[in-house]
Amino acid sequence: MTEELSELSGAVDSIVYKNENNGYCVLILDNGYEPITVVGELGNIDEGEELRLMGKYIDHPKFGPQFKAEVCERSMPTTSVAIKKYLSSGVIKGIGPVLAKKIVDRFGDETLYIIENEPEKLCEVDGITKKKCFKINEEFQSINGVKSLMLLLSNYGVSASYGARAWRRWGADAEEVINRNPYSLCTDGIDLPFLKADSIAASIELPYDNPNRIKAGISSILRENANAGHTCLPRDKLCGIAMDFLRIEQELFDQSLDEEILDENLYSFMKKKREFIALKDMYVAEDYISRRLCLMKEVSYDNRINFDEVIDLVEEDVGIKYETLQRKAINTALSCGFLVLTGGPGTGKTTTLNAIISLFCQQGLNVMITAPTGRAAKRISDLTGFEAKTIHRLLEVGFTVDDRPRFNRNETNPLDCDVLVIDEMSMVDAQLFESVLRAIKINCKLIMVGDSDQLPSVGAGNVLKDIIDSHIVPTIELKEIFRQAQKSAIVVNAHKIVRGEEIDLRQKDNDMFFFQRLEFDDLQQLIVDLVSDRLPKAYGYTARENIQVLSPTRKGPAGTVELNNQLQLRLNPPGKDKPEIKTLNTVFRLGDKVMQIKNNYDITWSKDKEQGAGIFNGDIGVIVDVKKAIGMLRIDFDGRICNYPSTALDQLELAYAATVHKSQGSEFDVVILAVLGGYDKLYYRNLLYTAVTRAKKMLIIVGSSSRVKFMIDNDRRALRYTLLKNMLLIDRAKEFDENIEL
């Protein structure tokens, strides 16, 4: 049930804080009784304005009672007192408190009418020249334009942040631009959802076959598919979706799409005699990666030096005997400085990487190590003994005026490193990898480490697999399972899964166990018992520190939503000493294990004396404080403490159970995998492989043995439409003057 909103009216007494970029304000409102603190996205508010607000009263732990506004109707001040306060605030350049008093004393309640419609009369006030009259009028018209724009958009239910972006983009022309083409609000940098713009267009009776609507709709479809991992779509597939979504004929689609391609808002690319369409940012990312890798390949030619004797010394020093492919990988890294190192668990990737890093350091080279997530960075740091940073932290993420992320490290401010090692490369999407390449020098050695049999990145692209398949970068795949790793059923069965071989689920005396449960109630009961009682009693493991339940799906009785509800009820039941906050779909309680489900660059955190910003998709934390009155959670993400306001709670989920996709880049002492029922398309081989390889010490599969077999047999992989491989193949064809099939 929707919470009822309260109404509040009054004049703005003072502005405490105002963010010009997103319209967020903190102000004191005089409602005729007592001053009230108001917060919210109110737009470009000034002192003296009269507001009618809809929202709710909250209690801030530090600042006390506040009114959180969700709807704001505004009007210019109408009384002499309010007008004087308004002009005295400095809202109009050239008018300070003294001049404001003179103007209002002369014109009274008519002051703002005079300024707007008869500015020449301002010359009647001592100190105002004719030139200044029209300067004041011009400034006032500009201010009115901002307020009028905010009012226009608020009438359509569009928040002030979009209005602020539109004003920065078009200034005084913003209203005219929007009225002429509401879909202009969907453009990059403003980013209003298409369906919202569509409702504005419908209200002004814009025809459904308007070219602007069709073009914006096509881009919206491509953006939605980019969110699903595709950097492009086949033209014929895009056409079918667009015709159905926009209710148009193919002729209109073709005409609009061809115009967008001609204007370079969208890009066309031919592969295997089929045309593909990409958004500009996606095309630019893959095109840049292709050109940059080909250039780096030329610079990092093999120097033909054989480092076998050096590797022999390392073996003697550390007491390790490298196998043939490991030696080849070390030699390639040192002689070429350009390498993809891949392989499954137990094949010695980390051992090989340690040797590569050590030998680069012995050469006096500055080595930097990075990974896509905080957990992945911590893991590789622990395994190598070298400091590793997340890619966002390494590239020094910052923000544009639109509060969009940007990296301070780029072509003009590159990283000061001779060697860059990227771990968990399978998780790196196209745009992130583009940013990495822009931030390193052309002669920087690049070592990419990953497992191409795992799931692809959450973001758009299939970068690691495309690079491997193109053969543009020397690739060494480690295949031999070392003797120690052969003792692990997790490792042995992971490799069987990749090869499509059946695994022995009857084995009960190692680190991998299977429990057949064909009823959902039985499956849920066993998983809850394992997490809450059996594993803690037998091994001392806890859900908070060691155990992670995984599922291929969110939905259904074996999905993460239902499993989280069951686990929360057993592990962290409600109590008088456990404050909680209820959202539409979730109850967040003190002590709950939670996960961030999308990148948030704005949330600030503190860790010891270090300060930073950004919590990212897949980060897991624990709720350490709950401020129910103001809807705020305090969460500990592996030592990074941050506050989550109520507006950010939709970016959190309970994390006792998580999807396999969300577990990428992480390892857990114990993984419990639920495999029962669900849609066939969600149950496939490399998803099972990814789940199995998340377990370090113990893997428990609960569910149906036939479902496990189905996943092993189903090698369909998640299809992703990308351009990178073909772009790289084109460059190879040019380089070798060969006829490579594209």
Side-chain angles (χ1 to χ4, degrees), residues 350 368-397 405 422-424 427-428 432 458 531 536 540-550 560 564 567-568 571-572 588-626 632-645 648-649 651-672 693-697:
T350 302
M368 291 184 178
I369 306 174
T370 189
T373 67
R375 283 180 169 261
K378 184 177 185 303
R379 173 181 168 275
I380 193 63
S381 182
D382 292 341
L383 291 173
T384 63
F386 290 85
E387 181 189 11
K389 296 180 179 180
T390 64
I391 294 175
H392 288 84
R393 187 179 174 197
L394 181 74
L395 301 187
E396 299 173 10
V397 65
I422 308 175
D423 193 33
E424 295 289 355
M427 297 180 64
V428 180
L432 187 58
V458 174
V531 175
Y541 293 138
T542 67
R544 191 183 213 181
E545 300 292 336
N546 315 101
I547 307 170
Q548 184 61 54
V549 177
L550 297 179
T560 58
N564 269 317
L567 288 163
Q568 183 192 44
L571 296 168
N572 193 27
F588 294 110
R589 189 171 294 135
L590 180 66
D592 273 336
K593 182 179 177 181
V594 294
M595 177 184 285
Q596 176 75 12
I597 60 172
K598 63 181 291 188
N599 289 343
N600 187 321
Y601 302 90
D602 296 326
I603 290 182
T604 58
W605 51 262
S606 60
K607 183 177 183 181
D608 300 324
K609 294 182 180 179
E610 184 182 2
Q611 303 287 325
I615 300 295
F616 302 107
N617 194 348
D619 285 352
I620 295 176
V622 176
I623 299 174
V624 294
D625 194 13
V626 176
M632 188 190 77
L633 300 178
R634 191 170 177 81
I635 304 176
D636 181 348
F637 289 96
D638 290 328
R640 294 171 296 159
I641 310 297
C642 52
N643 293 325
Y644 271 68
L649 297 187
Q651 299 174 16
L652 289 174
E653 288 181 351
L654 294 175
Y656 302 107
T659 62
V660 177
H661 284 85
K662 292 294 185 184
S663 72
Q664 284 180 268
S666 299
E667 281 189 336
F668 311 93
D669 289 331
V670 181
V671 166
I672 301 174
T693 54
R694 298 310 90 205
K696 289 194 293 185
K697 298 179 180 179

Can you give me the closest heavy-atom contact between [X] and [Y], atom names plus distance?
{"X": "Thr560", "Y": "Ala658", "answer": "CG2-C, 3.3 Å"}
{"X": "Ile547", "Y": "Lys593", "answer": "O-NZ, 3.1 Å"}
{"X": "Ala377", "Y": "Ala388", "answer": "O-CB, 3.4 Å"}
{"X": "Gln596", "Y": "Leu652", "answer": "OE1-CD2, 3.8 Å"}
{"X": "His661", "Y": "Gln664", "answer": "O-OE1, 3.2 Å"}

Is a side-chain N or O of [X] found less than 3.5 angstrom from the main chain of [Y], in a donor-acceptor match?
{"X": "Asn564", "Y": "Leu654", "result": "yes"}
{"X": "Gln548", "Y": "Tyr656", "result": "yes"}
{"X": "Asn572", "Y": "Gln568", "result": "no"}
{"X": "Ser663", "Y": "Val660", "result": "yes"}
{"X": "Arg694", "Y": "Ser666", "result": "yes"}
{"X": "Thr390", "Y": "Thr373", "result": "no"}

Close side-chain approach of [X] and [Y], heavy atoms under 4.5 Å:
{"X": "Trp605", "Y": "Glu610", "value": "yes"}
{"X": "Leu432", "Y": "Met427", "value": "no"}
{"X": "Val594", "Y": "Leu633", "value": "no"}

Crowded around Lys697 NZ? As in, over 12 foreign heavy atoms under 6.0 Å?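 No, because the 6.0 Å sphere around NZ of Lys697 holds 12 heavy atoms or fewer from other groups.
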
Nearest 0.5 Å please: distance from the [atom1] atom of [X] over to the [atom2] atom of [Y].
{"X": "Asp636", "Y": "Asp638", "atom1": "CG", "atom2": "CG", "value": "7.0 Å"}
{"X": "Glu396", "Y": "Leu394", "atom1": "CD", "atom2": "CG", "value": "8.0 Å"}
{"X": "Ile422", "Y": "Ile369", "atom1": "CD1", "atom2": "CD1", "value": "11.5 Å"}

Under 3.5 Å, which donor-acceptor pairs do the side chains of residues 612-625 form with other protein atoms, sequence neighbours left out?
| from | atom 1 | to | atom 2 | distance (Å) |
| --- | --- | --- | --- | --- |
| Asn617 | OD1 | Lys662 | NZ | 2.7 |
| Asp619 | OD2 | Phe616 | N | 2.9 |
| Asp619 | OD2 | Arg640 | NH2 | 3.4 |

Paired with Val428, the side-chain contact (heavy atoms from CB on, under 4.5 Å) test is passed by just one of Ile391, Asp423, Thr370, namely Ile391

Note to self: Let's go through Arg589 and Val626 carefully: what are the C-alpha distance in whole Å and the side-chain angles of both, what is the deciding distance for side-chain contact (heavy atoms from CB on, under 4.5 Å) to 0.1 Å, and is it a yes or a no?
What the structure shows: CA-CA 7 Å; Arg589 189 171 294 135; Val626 176; over 6 Å; no

